[in-house]
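Structure first, then comments.
Chain identifiers are assigned alphabetically (A, B, ...) following the order of the sequence lines, protein sequences preceding nucleic acid strands; residue numbering begins at 1 within each chain. Computed from a predicted model, the values in this text were never measured in an experiment.
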There are 2 protein chains.
Amino acid sequence: MKALVFKNNEISLNEVPIPEIKEDEALIKILKAGICNTDIEILKGYMNFEGILGHEFVGIVVEAKNKKWIGKRVVGEINIGCGKCEYCLTGRKNHCPSRKVVGILNKDGAFAEYITLPISNLYIVPDKISDEKAVFTEPLAAALRITEQIEIRKNDKVLIIGDGKIGLLISQVMKLMNCETYCMGKHKRKLKILENKNIKTLLKGKNIDHRFDIVIEAAGKRGGIKQALKYVKPEGKVILKSTYHGRVVLDISSIVVNEINVTGSRCGPFNKALELLERNLVEVESLIDGEYSLCEWEKAFEQALKSEKLKILFRIN
Amino acid sequence: MKALVFKNNEISLNEVPIPEIKEDEALIKILKAGICNTDIEILKGYMNFEGILGHEFVGIVVEAKNKKWIGKRVVGEINIGCGKCEYCLTGRKNHCPSRKVVGILNKDGAFAEYITLPISNLYIVPDKISDEKAVFTEPLAAALRITEQIEIRKNDKVLIIGDGKIGLLISQVMKLMNCETYCMGKHKRKLKILENKNIKTLLKGKNIDHRFDIVIEAAGKRGGIKQALKYVKPEGKVILKSTYHGRVVLDISSIVVNEINVTGSRCGPFNKALELLERNLVEVESLIDGEYSLCEWEKAFEQALKSEKLKILFRIN
C-alpha cells in the first residue's frame, strides 16, 4: 500500500505492506485524513516520531474478527492503552504509561491506504456526517475535552488565543456553552468565519483592556502561554491546548501571585464530537482549505505549512 | 522609631517617624517578626520593593479609633484592598488590582517598632499561643490556602518539594488531611523534624520510582516546578507555592500531554491557622533557629540566608 512515512527528518511516499490485524483489531481502509498542527510539529522533532504520519481520519472496516464491523464507516480514538495498568483499568487509556498513539507514538498513522486499530477505539460514523466532516471528529473531540476538565459557567468571559483549526473549533464549542466568547487571531479571513457565527473576535496586536475568566491557549506556538497569563483574571483559568517542540521561558511567579489555575488538555470524547457534527451544532466545512491525493503530498504539506491556511485533507481511497 | 529599610539594593536600620493611622486603621507595636523566603527574594529584586521589610509579625494594638482594640495582641493579613473593585466586593481583596501588600508592595512592613494596618486585617491571638508561635500565623495560613483551592482526598499520595519553613508547615497540614504525605528535601536535620511527626521523607537526589497525585512545589527555587512536573502522575495536580525573582525555562508540552493541573497558591485563612496553632495541631517551635534584635539585623539575615537554617525571628518590643 501507499503510505506517507516520516524517517530521518524526511517525508517520503513509500510502498509498504498492508498491516496485519491482531485478535482485537480491525483493518480500516482510509477514505480521508486531515493534516493537524501536531503533524507539523512532528516534522520539527516533536515526540521524535518516525513512521507513517497522520491521526485524523475516516475509513471503512474491511477486516475484523467480529464480522459485524465489516463495511462500517468509522473514526478512531488515537490512544491505544495496555489494558492492564491503573489508567487503562479506570477508563483513562489516554494516560497509559505504555500507550501507543496513532501517528504520534510507536504506532503507524493514517496517511496511508490502510491502518489497523483495536475495535474498542472505533466509533461508527452516522450517515448524515460526510467523510469531510467526519475527519474533524478527532480535533472536535479534543476541543470538547476542555468541557470535561474545568467548570464552565454560563456567561463566563472566555478568550481563545489562536485562529487556527483547533482555535475555531474551540470557539464554536465555547459559544455553544453560552460563554461570552472571544477569539484572538491574526488572520482576518479566519476570524471572519467566526464572526459569521456571531462569535466575537480580536485582532492580535490591538490593545485589549479587559481580562477573561478563562483563557484557552490554542496558538500552537511558544508565545501563547505568555499571552494567556497576560489576559486571564486573577484566580482565572488557563487551558493549554498546544503541543509543540521546544521550551518556553516563563515568569512562574505570576501564576503564584495571581493564583492562576493552568490545565493541560489533550484528547477528548469522540461520541460527543460525532453528536455535534450530526446535529450540525459545530460547522466545519468552512475550515477546509484543500484536498489532495497522497501522491500530491508535497503540495498538501506546502499548503498546510502556510499560516493562513486551515484544514488540508488527503483523499486516499 | 527603628525600622529595617530596603532601598537602592541595600538594607539599613533607620530612625523613621512612627506612622500615623487613618480612620479605619490601628497602630500596632510589633512584638516579634519573622524572616520569610519572600524577604530574601525581595533582596534579589523580587517585586522591586523598597521600604520597610517584613510581613510576618505579632504585635499589640496601641492606637485605634475603636478603643476596644487597644491592648489586644494581634496578627494581621498582609493584603490591603481598595474596598471597591470586583475582587474586594467578593471577599477576594488578596487579588485587588490596586492592593498594597505589607512589606512586599507599596506598604511598609513589620521589621520596625510600629506598623499601621486596617482593623479589618487584624485577628486577635488567643492567649494560649505564644508570641513566637503567633509569628507563624501568616505562613501557616499560606500553607492552608492549598486546602481551599484543590480537592484533597483522604489517602491521596502527596509530595512536598522543599524542606524549608513553608515546606515543613505544608507537610504537617497535608498529614492532618490524612494524605499519604512525603516531603523531599536535602537537609537531614530538617527532614528529621518531620520524621519525628511520622511524616515520610525523601532525600533529594535519591531515585524515586513512584508518582504522586498531588505535588506541592515549595522549594523556593527555579528548579522546583520541573521536579514537580517530573513526579506528578498524569492528570495529577501541581501546586506552586514559591515566588522568586527570575524566569524558568520549561517544557510546556508535558503539562498538555499529561493533562496536569497547575495551581498557583499564595495567602490563606488566618482564622484557621490560629485555630491549628491554638490546638497544637501544627507544631512550629522546632522550626525556630534564632532570635535577634533589630540592631542585630546583619547577623539575623546572615543566618536566614543559610540554606540549612529555618525560621529566624526578630524580637522587637
Side-chain angles (χ1 to χ4, degrees), chain A residues 38 41 46-47 79 85-87 90 92 94-97 99 101 104-105 142 145-146 148-150 211 217-218 221-222 224-226 228-229 233-268, chain B residues 38 41 46-47 79 85-87 90 92 94-97 99 101 104-105 142 145-146 148-150 211 217-218 221-222 224-226 228-229 233-268:
Chain A
T38 303
E41 289 298 317
Y46 178 64
M47 296 298 285
N79 294 276
C85 71
E86 70 168 283
Y87 291 94
T90 53
R92 298 181 292 157
N94 296 0
H95 290 292
C96 168
R99 70 184 175 274
V101 188
I104 297 173
L105 180 66
R145 174 64 176 152
I146 298 166
E148 297 180 327
Q149 293 181 288
I150 60 166
R211 297 288 171 270
E217 190 285 300
K221 294 196 193 78
R222 298 189 200 186
I225 184 169
K226 285 180 206 182
L229 293 174
K233 283 186 185 177
E235 290 192 278
K237 293 176 183 133
V238 169
I239 294 282
L240 303 179
K241 259 295 167 197
S242 305
T243 45
Y244 40 77
H245 186 59
R247 286 155 197 274
V248 177
V249 182
L250 211 59
D251 174 16
I252 300 290
S253 293
S254 75
I255 299 176
V256 179
V257 170
N258 295 318
E259 296 193 310
I260 306 303
N261 184 273
V262 180
T263 306
S265 178
R266 197 161 44 101
C267 300
Chain B
T38 303
E41 289 298 316
Y46 178 64
M47 297 297 286
N79 294 275
C85 70
E86 71 168 282
Y87 291 94
T90 51
R92 297 180 293 158
N94 295 1
H95 290 291
C96 168
R99 70 183 174 275
V101 188
I104 297 173
L105 181 66
R145 174 62 176 153
I146 299 166
E148 296 181 327
Q149 293 180 288
I150 60 167
R211 297 288 171 268
E217 190 286 299
K221 294 195 192 78
R222 298 188 199 186
I225 184 168
K226 285 181 207 183
L229 293 174
K233 284 186 186 177
E235 291 192 276
K237 294 177 183 133
V238 169
I239 293 283
L240 302 179
K241 260 295 166 197
S242 306
T243 46
Y244 39 78
H245 186 58
R247 286 155 198 274
V248 177
V249 182
L250 211 57
D251 173 15
I252 300 290
S253 293
S254 75
I255 299 176
V256 179
V257 170
N258 295 319
E259 296 193 309
I260 305 303
N261 183 273
V262 180
T263 306
S265 178
R266 196 161 44 103
C267 301

Which atom pair, heavy atoms only, marks the closest approach of B:His95 to A:Pro234? ND1-CB, 3.5 Å
Salt-bridge criterion met for A:Arg145 and B:Glu235 (N-O under 4.0 Å): yes
Partner chain A: residue of B:Leu250, B:Ile150, B:Ile239, B:Asp251 with the largest heavy-atom pair count (under 4.5 Å): B:Leu250
Side chains of B:Asn261 and A:Asn261: closer than 4.5 Å at any heavy-atom pair? yes
Chain A contacts, top residue of B:Val238, B:Val249, B:Val248, B:Asn94 (heavy-atom pairs, under 4.5 Å): B:Val248
Please check this pair: side chain of A:Glu259 against backbone of B:Arg266, looking for a donor-acceptor N/O pair closer than 3.5 Å. yes
Can you confirm whether A:Leu240 sits close enough to B:Ile252 that some side-chain heavy atom of one is under 4.5 Å from a side-chain heavy atom of the other? yes
Which atoms of B:Glu41 approach chain A - backbone, side chain, both or neither, heavy atom under 4.5 Å: neither
Does a side-chain heavy-atom distance below 4.5 Å link A:Val257 with B:Thr243? yes
Taking side chain as everything from C-beta outward and backbone as N, CA, C, O, which of these in A:Ser242 sits under 4.5 Å from a heavy atom of chain B? Side chain, backbone, both or neither. backbone
With a 4.5 angstrom heavy-atom cut-off, is it the side chain or the backbone of B:Glu86 that approaches chain A, or both, or neither? side chain
Let me know if B:Lys241 has heavy atoms under 4.5 Å from chain A in its side chain, its backbone, both or neither. backbone
Examine whether an atom of A:Arg222 lies under 4.5 Å from a heavy atom of chain B, and if so say whether it belongs to the side chain, the backbone or both; otherwise answer neither. neither
